[in-house]
Structures are given as C-alpha cells and as structure tokens.
Amino acid sequence: QKEVEQDPGPLSVPEGAIVSLNCTYSNSAFQYFMWYRQYSRKGPELLMYTYSSGNKEDGRFTAQVDKSSKYISLFIRDSQPSDSATYLCAYWYSSASKIIFGSGTRLSIRP
Amino acid sequence: KAGVTQTPRYLIKTRGQQVTLSCSPISGHRSVSWYQQTPGQGLQFLFEYFSETQRNKGNFPGRFSGRQFSNSRSEMNVSTLELGDSALYLCASKGTGDTGELFFGEGSRLTVL
C-alpha cells in the first residue's frame, strides 16, 4: 500500500466551478499536510500547508484535514483557467526531512 | 530574492554514460534536497544535504550520489545511466523551520537513449 493515495485524474471542469481534490494517507505519524501546485514545465510550488485537523482557508483555496479518517482535501472556489495545473498532496516527514508526495491530480479549467 | 537555479535544464545521454546536475539554492538556505519525477512513480525523494553533509537518503541505488559545497550549492551524479533514469530531476532548498516548505527549481530533464 502506498503511503499516499491520490486520484491522478485528469479532471476537467468549466470555469467558475468548485473543484474538490482528495488524498488519503496511511501513516498516522504524518503531522504537516501540504498541497503543492505544479504548472507544466515548472517545479512544484507550495500552495497551502496545515498542521491540524479542520479547515484552513486562503483566498479561493480551502484545505481540509480529517486525521481520524486520514483524509485531506483541497477545494478551489470560482475556478479560473490559470488554476489549470497538477495538484500534489504532500506530507512532511519531519524525522527524515523529506516530503512524501501523492501522485498528483492533473486539473484543467475550461474557459 | 533569486529562486532555486538548476542547470542544465535539458540533456540527452546514452546508456552507460554518467551525468552531473547542478543546483544553486536560495541565498541563505542550507538544506538542499533532490527529487526524481517520473510519470509512473511520481515525485520520489533522492537525498537531502545540510551543511555539506548528507542527512537523509531515499531508496535509490548507489549509482545516484550527491554532494554539497560550502556555499550550499549542490550537485547530483548518476553513473552508468539506464533507460529508466529518464526523468525530471528537481532540486529544492529549505530555510529554517520544520514545516516542509520546500522551494523547487524548474528541474533538469534527463533523457537516456
């Protein structure tokens, strides 16, 4: 079993739609949860990170963590074509000083 | 503030050759990590250096190696290249703090023929 499971997509939605991206994880030791965004031919960039269960909002983006279910989500409101990218859920494995990434979901927002 | 710089951006090698990739981290960042990204395996951790010392290593064969210099610049080397080594190699630097916020370069895309 992979430590992080993420639906690879691709996911295509019309502009303005609400997008929901999801991941599950298996290791209860994970503490920091992150979403990275990767545009084509670019390196990943940190979009959001959270430590605790619950919701964290940043503009049109909301990260949700449910530690009891080992489930994290990213919601994008009023999606824009510029949001078209691959979204990677990730976990900071502090003791090993490394990030464990999900496989990434490729998202396309249609104008 | 300049970002993470990786060179070369693209390169083509043949099986059996070796390759060296370079990474300049963000000024002031002492931690440099390397990741391999492929369509099949996604992003996988190779190794992490801090103050010229390798602190952690991923599950890759010994053909993959790296080093870090006193100015925090890092290189990674892959010897005896195999077709499966074709990938995007990403370098990331990290500041202080334990939150997992890495700043990635644009990567070096290696094609092995």
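Lettering of chains follows the sequences in order, A, B, ..., and the numbering in each one begins at 1.
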*Asks:* Please indicate whether A:Tyr49 has more than 12 foreign heavy atoms, meaning atoms of other residues, nucleotides or ligands, lying under 6.0 Å from its OH.
*Replies:* no
*Asks:* For a quick check under 3.5 Å, do B:Gln41 and B:Thr38 share a side-chain donor-acceptor pair by atom type?
*Replies:* no
*Asks:* Which answer fits B:Glu101, side chain, backbone, both or neither, if we ask what part of it has an atom under 4.5 Å from a heavy atom of chain A?
*Replies:* both
*Asks:* Heavy-atom distances under 4.5 Å only: say whether A:Tyr36 touches chain B with side chain, backbone, both or neither.
*Replies:* side chain
*Asks:* May I ask you to list the residues in residues 63-75 of chain A that approach chain B closer than 4.5 angstrom, counting heavy atoms only, ordered by number?
*Replies:* none
*Asks:* Between B:Phe64 and B:Asp85, which heavy-atom pair has the shortest distance, and what is it?
*Replies:* CZ-OD1, 3.4 Å
*Asks:* Taking all non-hydrogen atoms of both residues, which atom of B:Glu48 and which atom of B:Ser31 are closest, and how far apart?
*Replies:* OE2-OG, 2.7 Å
*Asks:* Side chain, backbone, both or neither: which part of B:Leu102 has an atom under 4.5 Å from a heavy atom of chain A?
*Replies:* both
*Asks:* Heavy atoms under 4.5 Å from chain B: which residues of residues 97-111 of chain A carry them?
*Replies:* A:Ser97, A:Lys98, A:Ile99, A:Phe101
*Asks:* Are B:Glu82 and B:Arg63 within salt-bridge range, i.e. N to O under 4.0 Å?
*Replies:* yes
*Asks:* Against chain A, work out which of B:Tyr35, B:Phe47, B:Phe103 has the most heavy-atom pairs shorter than 4.5 Å and name it.
*Replies:* B:Tyr35
*Asks:* In terms of the angle between their ring planes, are A:Phe33 and A:Tyr91 parallel, tilted or perpendicular, with boundaries placed at 30° and 60°?
*Replies:* perpendicular
*Asks:* With clusters defined by side-chain heavy atoms of hydrophobic residues (ILVMFWY) lying less than 4.5 Å apart, directly or transitively, does B:Leu11 cluster with B:Val112?
*Replies:* yes
*Asks:* Can you see which heavy atom on B:Glu106 is nearest to which on A:Lys42, and at what distance?
*Replies:* OE2-NZ, 2.6 Å
*Asks:* Side chain, backbone, both or neither: which part of B:Leu43 has a heavy atom under 4.5 Å from chain A?
*Replies:* both
*Asks:* Return yes when atom OH of A:Tyr39 has more than 12 non-hydrogen atoms of other residues, nucleotides or ligands closer than 6.0 Å, and no otherwise.
*Replies:* yes
*Asks:* Using a cut-off of under 4.5 Å on heavy-atom pairs, state which of B:Gln6, B:Lys94, B:Arg9, B:Gln44 scores highest against chain A.
*Replies:* B:Lys94
*Asks:* Provide the closest heavy-atom pair for A:Asp58 versus A:Leu47 in the form atom of the first, atom of the second, distance.
*Replies:* OD2-O, 4.4 Å
*Asks:* Start with the C-alpha distance between B:Val32 and B:Arg73, add both sets of side-chain angles, then the distance that settles side-chain contact (heavy atoms from CB on, under 4.5 Å), and finish with yes or no.
*Replies:* CA-CA 8 Å; B:Val32 173; B:Arg73 191 177 69 85; over 6 Å; no
*Asks:* Using a 6.0 Å cut-off, check whether atom OH of A:Tyr93 has over 12 heavy atoms from anything other than its own residue.
*Replies:* no
*Asks:* Where on B:Tyr89 is there a heavy atom nearer than 4.5 Å to chain A: the side chain, the backbone, both, or neither?
*Replies:* neither
*Asks:* Surrounding CG of B:Asn59 (heavy atoms of other residues, nucleotides or ligands, distance under 6.0 Å), is the total greater than 12?
*Replies:* no
